[in-house]
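Have a look at the structure below, then the notes.
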Amino acid sequence: MKTITTPSNKGKSYRTLRSARRQAPFYLMMAPGLIFITILFYIPMAGVIIAFKDYNARDGIFGSPWMDPLFKNFEFFFKSDAARTVTFNTLFYNLLEAVTVTLCALAIAILLNEVKNKVTSATYKGSILLPTFLSWIVIQYILFSLLSVDRGIINSTITGNGGEAIYWYSEPSYWRFILPIAYLWKNVGYFSVLYVAAIAGINPDYYEAAQLDGASKWQRIKHITLPLLKPTIIVLSLLWVGKLFNGGLGDWNGFYTLPNDAGALYPATDVIDTLVFRSLKKVNDYGMASAVGLYQAVVGFFLVLISNYIIKKKDPDNALF
Amino acid sequence: MKKFSAILLSVTLLLTMLLSGCGEKDAGTTSKSAEKPAAGNEEMVELNFYMMNSPVNDFDRIMKKANEIIGKEINAKLNLILVDSSTYAEKMNLMINSGDDWDLSFTANWGGINFFENAAKGAYADLTDLLPKYAPQTYSRIPQGLWEGVKVNGKIYGLVNYQQWGTAKREGFKFRSDLVEETGFDWKALKDKPTIEALDKIGPFLGDALAKHKGMIGFETSSIESLFASNPLLWNMEAVGDTSIPGWINLDNPDKVINQFETEDFAKYTEMMRDWFVKGYVRKDGATVKDTSPDRKAAKFVAEKTGSWPDSIEYPGNPDASNMSMTKSAGNAPAVTVSTTRTMIPAGAASTAAIAINSDSKHIEKALQLVELLNTNDDLYKLITLGEEGVDYKYDENGKFTMIEGKYNFNFNEWQLGQSYSPNFTRTNYDKNKDGEVQKETQTKIYEADKTAEISPVTGFVFDPTPVKTQVANCAAVTSEMIPALSSGSVDPAKTLPEFLKRLKTAGVDDIIKEKQAQFDAWKAKK
Amino acid sequence: MLLKKLHFSKITIHLIFIALSLACILPLLLVVSISFTDEQSLMLDGYRFWPKEFSTAAYQYVFSGAGSILNAYAVTIFVTVVGTLLHLLITSMLSYSLTRPEVTHRRALTLFVYLPVLFNGGLVPQYILLTRILHLKDTIWVLIIVYLVSTINVLIMKNFFRTIPDSLIESARIDGSGEIRTFFRIALPLSKPSLATIGLFVAIAYWNDWMTASLYIESPKLRPLQYLLQSLMNNIGYLQSNAQASQSMEAAIGMLPSEGARMATCVLAIGPIILLYPLLQKYFEKGLTIGAVKE
């Protein structure tokens, strides 16, 4: 890490003053962002104490009585017999999603870089990006029109050829594939475009020099593209790890909407957030909801600290903080 | 450099402007401050009324006309705020829980709107004494038993939106009349039979009908409606508190709270559904199909549970009772209906649709006067719910009520706004022909039925789930997962039913039953 | 895996992309097709890539029921444009500064920026903040402010700025340019691809947001497009699934072209935002082409 040192020996106070003067314009530029982050994110964060409170509107967030025992709001999730299943599902889907999306997006970005014709490349990119524009509700409609038992395109193709219709919405095991594919479909375009932009930022001189040295295409990718994409990959992974327990970068909304709220599918489709949402609909308890949120955040926080620590040791420049 | 500093400055300015709340004025003519009544009318009170509705065309035109009437009659201005139905419950609960301003709102015991919970928390104003004083007609016109249904701890917290279709419930079944004739099914024999017996008779009929009509579906099943779990009355039971939380009573033994899923009827019902499933009488994916309207619209059902309000059962002259539901666009599938249960006003009937007033509102009396005006001034009520005659709707040459396309359309949400019932038929869009006469006749019968119907023994009892919140949340998770499968026959009850009961036990169902019983006993003792 | 792909010929690459593109485009065509299919035919014949019985009833219904759809477009476009520009300005100033070595506390500041990814107070505090402290309820600004900064975008952008060579910034400084001027004249133009990338996704977020409107917007004039369309569909769905409806009401609802209208609202809602991609396309191609990459 670089530090600013002034060549003169004029003492600490002068250096501090000088450094402050050099930093001032940056703080001025950061001000709007930092102020909005404080207001929009940090002030409402005080609300996490609702997790320990018996919240009621009259007394407000701070005036409401503390829960007795203090951790009572956490009880329901840990006592639930589905807690283990949903924790497994949460980790399973999130890791799978992180790995598949990252690998596919990288592959697509690198391959796109090989398509030299600008119009063709733009067309491909545009098409792959299309699903990113869609909301989960639209994707739910699309999925239903593909998978519906009696009216869906896939089943009418199967039965049209004399086959037996497949009950997609009744069999949990199909959803172990359908959900990751849907997430991949929606998100891969977004991440490809991010990586394409990152590749576009690489100085072409590097490639030219490598080419002169006789490096093969693969060597160029391995020794130039991938190492230079590393910071982007690391940041995205760290962000993902932090939200591993509540939705990752692709949010959980798809898990609410895509399976059509079918109880039979829950063993395969339920994640922490969907279970909590469904359980609390009847009780409508802000304390219990925020207890689970806090639990997810704390786990995420430790995961990030650990990953960041490892990265910091190996590659200090790319650590998040 | 100057230019960039200027940009920076303007960003910061914008920021401060946002934070200081000046942004509100910038939003222009629509903000509240701009809607203040004209000078010289100082004492006019503005009332915010929240309800569910999708966007309405020409809303401003109608509201302006409506406010002319309201201003003249009670010197108030109605600000009707339409909230999307999918977020209405969330928004109202947020407003209540954050102490936001509102005066009136639609409330109910379903869909997460939590009438009872909010009333118990003190969010709604106590209207017990004010109601007869400021809204006498609203109070006296409807069957008095209904007011019991919006009481919490003996106090009235909601203004019942009594509707022309009544509140007394009678459940039953609907069959395709052409298929009934074809197979010679004696549907009349089902009258007043216990549901298991009725289903036993319906089964063979479905078999006969489906043998002749291959593309059809015997009986409607879906993931959101269970013939058992959503319909206590069909099983001669009644929910104590929320229907979906375990703990019902049998109407023949109304003192003991039971776990409805441990009853013999539930076991028999799941076996029956399994049998139908195996025989192909119901959809193979009934446990996961949410929306059955495509099947209804395609007129595929041989039999269905009929809409439970009396207007759809056993009124042969009524066009709505004589067709399978939603089959209008398929050219109407003729139907016959039969009821199998007693006629009762369920405990939740009154709180199915009601209006609540904010306990923190500064204008509680005015708000009550507004409700009274909406309920008694038929011109005002019709203006808001139907629009203007000749502009938004008309009666065609046959006297049939027709809406004019693209004009004001309240999306059939009038039941949130007030009582559509009126003894002299002046509040609804009755057709001006023979059908209209039938509708009026039906309404009279419904009203008489409501006045004399048996009232649920649970009416007036409110279950406070706080002591067993954890158990309620966990049981809700189990039932929402397993009830659809058991109710549609897609799993074998021999194996799944014991598993389901065991999971409920683990989730703490017994604690809930015990708590319900204790609260129920305490309430009865006080009564 | 990558190794193998590289030995693929150009044709193989094109074949892969044609397959991928089709997988992304065809489902959307299905949506368009359903929106133009007669409702009764949908019930009986099922979904098809080409309407068996063509009908525009769904669009007629949406346009007749949605009130002032043009006004909603105006609100959405205003929010999207203003919101995206402000977001980009705020985000880029913040993330650029976080990469500058002169800022001594930049690691602590990054952590400050990052923490909200993990912890949030939930809906109630947010509602209290926006309505009772900032008084933004029922103003157009509430639709903008909620997405004004995104932690994730700050961190992604920070990475893009790191690829700007120090030497460029240094030389600008030697030429006597102030830091803020350097940022606007040198750093910002160089990061057009990243601005376009982030901007596109911010714009989509603004465009697709209807939750904020449904919680905070009350006057009909301030309703964005997505809210209008969503709400229209939700109402039908809600009435269908709730037994509050009388039989006569149910019959009336049964007449509505619900499935086709659902798809028509999708088409209307995504239409214009898709045009944004071709507009921004040229920036994606440019890349940061000057100087050496840092480190």
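In what follows, every chain begins at residue 1, and chains take the letters A, B, ... in the order their sequences are listed. Computation of the quantities below employed the complete heavy-atom set of this structure, encompassing side-chain atoms and omitting hydrogens, waters and symmetry-equivalent molecules. From a predicted model like this one, the values you see are computed outputs, not experimental measurements.
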How long is the span from the OG atom in A:S170 to the CG atom in B:D285, to the nearest 0.5 Å? 5.0 Å

If you measure from CG on B:L504 to CG on A:D81, what distance do you get to the nearest 0.5 Å? 9.5 Å

Quick check on B:S222 against chain A: is it the side chain, the backbone, both or neither that has a heavy atom closer than 4.5 Å? neither

Keeping B:T288 on the side-chain end and A:Y169 on the backbone end, is there a donor-acceptor pair under 3.5 Å? yes

Rounded to the nearest 0.5 Å, how far apart are NZ of B:K469 and CD of A:E75? 10.5 Å

Are B:T506 and A:K79 side-chain neighbours, meaning at least one heavy-atom pair lies under 4.5 Å? no

With a 4.5 Å limit on heavy-atom distance, are the side chains of B:T470 and A:N73 in contact? no

With chain A, the option among B:K284, B:E90, B:Q471, B:K121 that has the most non-hydrogen atom pairs under 4.5 Å is B:K284

What distance separates B:S86 OG from A:I137 CD1, expressed to the nearest 0.5 Å? 7.5 Å

Taking side chain as everything from C-beta outward and backbone as N, CA, C, O, which of these in A:Y286 sits under 4.5 Å from a heavy atom of chain B? Side chain, backbone, both or neither. side chain

Need one label for A:F77: side chain, backbone, both or neither, based on atoms under 4.5 Å from any heavy atom in chain B. neither

Stepwise, does the side chain to side chain contact (heavy atoms under 4.5 Å, CB included) test hold for A:N56 with B:N97? CA-CA 7 Å; A:N56 69 73; B:N97 278 295; 6.0 Å; no

Which portion of B:L94 sits near chain A, non-hydrogen atoms under 4.5 angstrom: both

Cut-off 4.5 Å, heavy atoms of chain A, and the answer for B:V289 is neither

Say you draw a straight line from CG of A:D285 to CG of B:N93; how long is it, rounded to the nearest 0.5 Å? 11.5 Å

For B:S480, is it the side chain, the backbone, both, or neither that has a heavy atom closer than 4.5 Å to a heavy atom of chain A? both

Heavy-atom closest pair (B:A477 atom, A:S279 atom, distance to 0.1 Å) is CB-OG, 3.6 Å

CG (A:D54) and OG1 (B:T466) are apart, to the nearest 0.5 Å, by 7.5 Å

